[in-house]
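Have a look at the structure below, then the notes.
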Amino acid sequence: MAKKVVGKNFYLQPASRIAPKLLGKILVRKIGKKKIFVLITETEAYDGTNDRASHASRGRTKRNEAMFDEGGHWYVYFVYGMYWMLNLVCSKKNYPSAVLIRKGLVVDKNLEVLEELEGPGVLSKKLKIDRKLNTRPVSGKSGLWVEDWGIKIPSKLVHSGKRIGIDYAGEFWAKKRWRFFID
DNA sequence: ACGATGATGAAC
DNA sequence: TTCATCATCGTA
């Protein structure tokens, strides 16, 4: 099984292109000497300042600054007084866009499934993700990166749908099928 | 169906 | 400074 770290160019595409391509890739979290592997199974794209579902729709603020970084950084924010949301920043610098990682499967190095992470809040809790990762690079330096293990998800199993929890965005943006998931 | 729980941003 | 809101989740 060929395992390689995803290259930087991958992150310079539009979020809506990256989101489906992340399905089947492996999120690697290093905590101390331990590594946790998560097969990504659900993502959502947030793209540009016009996207009214995106935090960037109200311009640059202290919270969403990371979204304006170059693709290949993390955007981590706190919601509902309890949960940390993990997002992968996309595209070139100063173009705010990101992919929210919503669900995954904890696997071992042989792809044996150990645990299901059924939402962005539980995923971040399991991987010990908090504001310390905000604006950090997607690389070993931050202890959180993405690998391609050559897993090919059959296109039959890849679906798209409306994004979750963004009904405030108005019909045009709320109905966009920018959520991608397996099965 | 609902409450927990606190940062955020906009209004005042 | 106040206040409604929020890219959620576990319990009921």
Side-chain angles (χ1 to χ4, degrees), chain A residues 11 13-25 27 29 36 38-91 94-106 113-138 142 144-146 158-183:
Chain A
Y11 305 115
Q13 312 170 72
S16 56
R17 296 270 302 284
I18 291 177
K21 289 181 186 171
L22 276 177
L23 301 177
K25 291 205 165 40
L27 187 61
R29 176 64 164 144
I36 303 176
V38 174
L39 180 97
I40 298 168
T41 59
E42 183 167 316
T43 59
E44 275 177 5
Y46 292 83
D47 193 330
T49 49
N50 291 330
D51 179 1
R52 299 216 7 236
S54 171
H55 292 162
S57 67
R58 281 176 280 184
R60 195 172 186 136
T61 66
K62 190 163 188 179
R63 174 174 66 162
N64 69 22
E65 256 181 346
M67 292 189 83
F68 293 77
D69 283 347
E70 183 176 45
H73 289 79
W74 297 113
Y75 169 42
V76 178
Y77 66 90
F78 190 64
V79 269
Y80 298 117
M82 262 175 277
Y83 302 106
W84 296 98
M85 302 288 106
L86 176 64
N87 297 255
L88 183 59
V89 177
C90 304
S91 300
N94 293 322
Y95 182 86
S97 61
V99 171
L100 172 65
I101 301 184
R102 291 188 54 85
K103 295 185 183 177
L105 300 172
V106 180
V113 176
L114 306 175
E115 187 178 352
E116 294 189 44
L117 303 175
E118 298 237 341
V122 298
L123 189 139
S124 290
K125 189 175 176 196
K126 175 72 185 183
L127 300 184
K128 298 200 192 313
I129 284 158
D130 62 21
R131 65 159 28 91
K132 290 197 288 292
L133 273 155
N134 191 38
T135 74
R136 305 238 57 221
V138 178
S142 62
L144 184 65
W145 66 95
V146 180
V158 176
H159 301 260
S160 66
K162 290 171 58 175
R163 292 172 291 178
I164 303 295
I166 51 101
D167 286 340
Y168 56 82
E171 196 194 352
F172 180 83
W173 292 100
K175 78 180 184 194
K176 264 191 183 300
R177 301 174 71 83
W178 277 359
R179 180 167 58 102
F180 302 90
F181 53 100
I182 298 173
D183 209 3

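Sequence lines set the chain letters: A, B, ... in the order given, protein chains first and strands last, and positions in each chain run from 1.
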Check your understanding: Just checking, Arg163(A) and Tyr46(A): is the charged tip under 6.0 Å from the six-membered ring centre and within 45° of the axis?
Key -> yes

Review point. Looking at Phe68(A), does the NZ or CZ of Arg60(A) lie under 6.0 angstrom from its six-membered ring centre and within 45 degrees of the ring axis?
Key: yes

Check your understanding: Is the closest side-chain heavy-atom distance between Val89(A) and Ser97(A) below 4.5 Å?
Key -> no

Practice item. Scan Val99(A), Leu88(A), Leu100(A), Ile182(A) and name whichever one has a side-chain contact (heavy atoms from CB on, under 4.5 Å) with Thr43(A). Key: Val99(A)

Study note, to complete from the structure: Minimal heavy-atom distance between Trp173(A) and Trp178(A), with the atoms involved, is CZ3-CH2, 4.0 Å

Exercise for review: Taking the six-membered ring for Trp and the single ring otherwise, decide whether the centroids of Tyr77(A) and His55(A) are under 6.0 Å apart.
Suggested key: yes

Review point. Is Glu118(A) paired with Arg102(A) through a side-chain N to carboxylate O contact shorter than 4.0 Å?
Key: no

Study note, to complete from the structure: Writing each nucleotide of DNA chain B 5' to 3' as (, ), [, ], | or . by Watson-Crick or G-U pairing under 3.5 Å yields ||||.||||||.

Revision key, fill the gap. In 5'-to-3' order, the base (B), backbone-only (S) or no-contact (-) status of each nucleotide in nucleotides 2-12 of chain C, using a 4.0 angstrom heavy-atom cut-off, is ----BBBSS--

Point to revise | Spacing between Asp130(A) atom CG and dG6(B) atom P, to the nearest angstrom | key: 15 Å

Practice item. Could you please spell out the steps behind the salt bridge (Lys or Arg N to Asp or Glu O under 4.0 Å) verdict for Lys126(A) and Glu115(A)? Key: CA-CA 10 Å; Lys126(A) 175 72 185 183; Glu115(A) 187 178 352; 3.0 Å; yes

